[in-house]
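Inspection log for the structure reproduced underneath, given as structure tokens.
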Amino acid sequence: MKKFVFNLASLLQLREWEEQSARQNYMIASLKARQMELAVRDAGEMKESVIESWNRRGHEAFSRNERLALEGSILDANRKHEEFVARFQAAKSEERAARAKVGDAIRKRKVVEKLKQSRFQAFQAELAKAEFSEIEDIYSARANERKNL
């Protein structure tokens, strides 16, 4: 009996490997985006705490140097927050690109799997046809033997 052979098995393995790699890259990009989201939140909280400490002490009680130091820390907190927001946006776009690559890799793998499945079904149909032909030949031969008797 003939055995089913899919000559694109190596291509299917390559597609599976590409999908696995794309999924890993997506997970890394997603992790980076989550870390940047947390960093943005922490920077926002730091900015709010600096402003809150400014408000708690009152504007009039500060000396000129203390006021300059607090304004500098507020500006620094704003700058860090904006930097983290920009990096977060970049990480989110990387995550979206990685998600698109995962989808593309899945589609490519499914195409090869579907091709394998259709070839396997064609192989099974061919086997069934050959088996039916053999059975019919045997039946015809037996029928001819009965007629001759």
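We're numbering straight along the sequence, starting at 1.
Under the 4.5 Å side-chain criterion, counting only non-hydrogen atoms from C-beta, Leu115 is not in contact with Val111. You'll find the side chain of Val85 stays beyond 4.5 Å of the side chain of Glu82, heavy atoms only. Between Arg34 and Glu37, the closest side-chain pair of non-hydrogen atoms falls below 4.5 Å. Side-chain contact check for Lys110 versus Lys114: every heavy-atom pair is 4.5 Å or farther apart.
Nearest heavy-atom pair across Ala98 and Ala29 is CB-CB, 4.1 Å. Among all heavy-atom pairs drawn from Val40 and Phe84, the shortest one is CG2-O, 3.2 Å. Considering every non-hydrogen atom in both Met36 and Ala91, the closest pair reads CG-CB, 4.1 Å. Scanning all heavy atoms of the two residues, the minimum distance from Leu12 to Arg109 falls at CD1-O, 4.1 Å. Residues Lys116 and Phe4 come closest through the heavy atom pair O-CZ, 4.0 Å.
Between the CD1 atom in Ile74 and the NE2 atom in His81 there is a gap of 14.0 Å [rounded to 0.5 Å]. Atom CE of Met46 sits about 9.0 Å away from atom CG of Asn78, to the nearest 0.5 Å. Glu18 contributes atom CD, which lies 11.5 Å from atom NZ of Lys101 (distance to the nearest 0.5 angstrom). For the atom pair CG (Asp76) and CD (Glu83), the distance works out to 9.5 Å, reported to the nearest 0.5 Å. In this structure, the separation between OH on Tyr26 and CD on Glu19 is 14.0 Å, given to the nearest 0.5 Å. With rounding to the nearest 0.5 angstrom, the CG atom of Leu127 is 8.0 Å from the CD atom of Glu131.
Under a hydrophobic-cluster definition in which Ile, Leu, Val, Met, Phe, Trp and Tyr are linked whenever side-chain heavy atoms come within less than 4.5 Å, directly or via other members, Phe6 and Leu14 are assigned to the same cluster. Linking ILVMFWY side-chain heavy atoms closer than 4.5 Å, directly or via other members, places Leu38 and Leu31 in two distinct hydrophobic clusters. Both Leu8 and Phe120 are members of a single hydrophobic cluster when ILVMFWY side chains are connected at heavy-atom separations under 4.5 Å.
In this structure, Ser30 contributes its side chain and Met27 its backbone to no donor-acceptor pair below 3.5 Å. In this structure, the side chain of Ser140 engages the main chain of Glu136 through a donor-acceptor pair within 3.5 Å.
The number of heavy-atom neighbours closer than 6.0 Å to CZ of Arg23, taken from other residues, nucleotides and ligands shown, is 12 or below.
A salt bridge between Lys92 and Glu95 is present, with a side-chain N of the basic residue lying under 4.0 Å from a carboxylate O of the acidic one. Of the charged side-chain nitrogens involved, at least one lies within less than 4.0 Å of a carboxylate oxygen, so that Arg41 and Glu45 count as a salt-bridged pair.
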task = Start with the C-alpha distance between Arg15 and Leu11, add both sets of side-chain angles, then the distance that settles side chain to side chain contact (heavy atoms under 4.5 Å, CB included), and finish with yes or no.
result = CA-CA 6 Å; Arg15 294 291 190 238; Leu11 178 63; 3.9 Å; yes
